[in-house]
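First listed ligand is number 1; within each ligand, the first listed atom is number 1.
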Amino acid sequence: MPAVNASTIDIRVLSEIQPVSVVVSVNSGKYLLMGDGRALSDTLSATLLEVKIKGDSVVAKTMEKLLGTYKTLYLSGLQPNCSFKLKSIIPSMGTRIYDDNLILTKERDKNQFLLINRVDMEKYVAGVVEAESGTVATDEFYKVQSILCRTYALYSFAKHGAEGFNLCDQVHCQAFKGRVKDHRIALASMSTKDQVAVDNDMKLISTTFCSNCGGQTVNSEDLWGKPSSCLKSVKDSFCIHMPHARWERKISIEDWKNYLELKHKYPVHDSVSFSYALNCSQAGRLVYFTDNNLKIPLKSIRSDFQLKSTFFSVEQRRDSIVFKGRGYGHGVGLCQEGAMNMAKMGYTYKEILSFYYRNINLVNLDSMEFFRDGEE
Ligand SMILES: [Zn+2]
Ligand SMILES: [Zn+2]
């Protein structure tokens, strides 16, 4: 178990491309450049640094001189508010700005960089909130997102441990594009500094969320077979007029019939059963489409027809059927559009989180450590 009070985190950056040549420069503050643990220069401020892969190492040079070949280059921030610019030259990509430190090495068994941003946790959280929720929400919603991002980061701290860093910068972990630009988001992250969501056993919760639950969230066990005291179905009236509250999808009766018969051995030749399959409704969230003893998981219908959710009714329209659906996403945990609406209506981030996640406590990381110590 990694230290749970981590104040910095190692994020692999530019992991969506495979950079082999990059340019790094100081954006603000003073830096020291280290090659395999040795200082390579005086403090850096205006230098443009070009780094390429060579064999198993990386080669660094400035405009003026070659700095040498190293296994690891470490651009170390010497002040609290240091930031640097990073641009991939091959393949070509726009410049991004990151806070704090950068580690450059060659990725093991691959001819590409492993670029790690060793960054202050709160700066990382703010960057993720900006990358994942854009800049149109309210301050209170950003606080909700900040707590979720921080809780997730610590919950998943060891996700890429075997590869030498904590999290990647893609949606596989949490999208992160570097230094936050929106001041409001930076403030939301700082104003909830060190706060995380835990269950009644003081364990970090799984901060799963969906875009819109359609009016009712889903029990964790109903979707994933694994119960959680926090991920319980709740009726949600906050999202039902939001953009992803409703959807429709039409397919031919023929396709529906073939699908039910071939994939699920549904009795399509029984007129009562088939007429039910053409017109059935789902008032509250169900897990299965059921006919007598046959149970077809709604999640398999969702994935086979690429529907937005499992919360749909079926209605016949001439020679077609229409899936009349609600919500967008798996429906477990926090409903983003509902939470956004609650924030707009004046609910606090604590009320919003406790509405969507049951039996949770918001605690400071220090107190988590305290309770852990108490257990030993
Ligand atoms: Zn990842
Ligand atoms: Zn909802």
Side-chain angles (χ1 to χ4, degrees), residues 2 6 9-18 107-108 110 112-119 124-125 127-128 131-133 137 141 144-145 148-178 206-220 222-223 230-247 282-286 308-312 325-345 347 351-358:
I9 186 162
D10 285 356
I11 307 297
R12 179 176 195 173
V13 297
L14 305 192
S15 51
E16 78 274 36
I17 59 176
Q18 281 98 42
E107 185 173 13
R108 207 188 313 143
K110 283 190 185 159
Q112 66 188 57
F113 274 113
L114 175 58
L115 301 167
I116 296 172
N117 183 201
R118 180 164 290 169
V119 59
Y124 167 68
V125 165
V128 171
E132 295 208 328
S133 51
F141 182 72
V144 169
Q145 290 289 85
L148 295 183
C149 291
R150 190 181 299 110
T151 304
Y152 177 87
L154 290 165
Y155 181 88
S156 315
F157 208 72
K159 199 163 173 179
H160 287 283
E163 297 153 82
F165 54 96
N166 299 120
L167 303 176
C168 72
D169 64 351
Q170 299 298 296
V171 288
H172 171 257
C173 290
Q174 303 191 108
F176 176 64
K177 293 180 176 142
S206 160
T207 52
T208 174
F209 59 86
C210 64
S211 172
N212 184 312
C213 75
Q216 186 181 355
T217 69
V218 175
N219 289 310
S220 166
D222 290 345
L223 186 65
C230 309
L231 304 174
K232 293 288 173 206
S233 176
V234 295
K235 292 246 192 244
D236 179 9
S237 60
F238 297 106
C239 64
I240 53 179
H241 299 296
M242 297 295 279
H244 290 104
R246 299 203 173 256
W247 54 269
Q282 198 178 154
R285 283 266 187 185
L286 298 175
K308 287 184 175 171
S309 71
T310 58
F311 198 2
F312 57 83
R326 294 193 233 168
Y328 193 1
H330 54 57
V332 182
L334 179 126
C335 166
Q336 275 186 310
E337 289 188 344
M340 267 186 206
N341 198 24
M342 283 182 85
K344 219 188 221 167
M345 289 167 77
Y347 288 93
E351 288 167 332
I352 297 169
L353 287 165
S354 312
F355 178 70
Y356 289 108
Y357 299 106
R358 291 299 153 108

Only to 10 degrees, please: what angle do the SG atom of Cys168 and the SG atom of Cys173 make about the Zn ion (ligand 1)? 110°
Here the gap from Leu231 atom CG to Thr217 atom OG1, rounded to the nearest 0.5 Å, amounts to 8.5 Å
If we check ring pair (Phe, Tyr, Trp, His ring centres under 6.0 Å) with Tyr347, which of these qualifies: Phe238, Phe141, Phe355? Phe238
Could you go through the side chain to side chain donor-acceptor pair (under 3.5 Å) check for Asn117 and Tyr124 one step at a time? CA-CA 9 Å; Asn117 183 201; Tyr124 167 68; over 6 Å; no
Which N, O or S atom of Asp236 lies nearest to the Zn ion (ligand 2), by name: OD2
When you measure from the side chain of Gln174 to the backbone N and O of Val128, does any donor-acceptor pair fall under 3.5 Å? no
Checking only N/O/S atoms, does Cys213 have one that is under 2.8 Å from the Zn ion (ligand 2)? yes
Angle subtended at the Zn ion (ligand 2) by Cys239 SG and Cys335 SG, rounded to 10 degrees: 110°
Kindly give the atom name of the N, O or S atom of His172 closest to the Zn ion (ligand 1). ND1
So, taking the atom named CG in Leu167 and the one named CZ in Phe176, what distance separates them when rounded to the nearest 0.5 Å? 10.5 Å
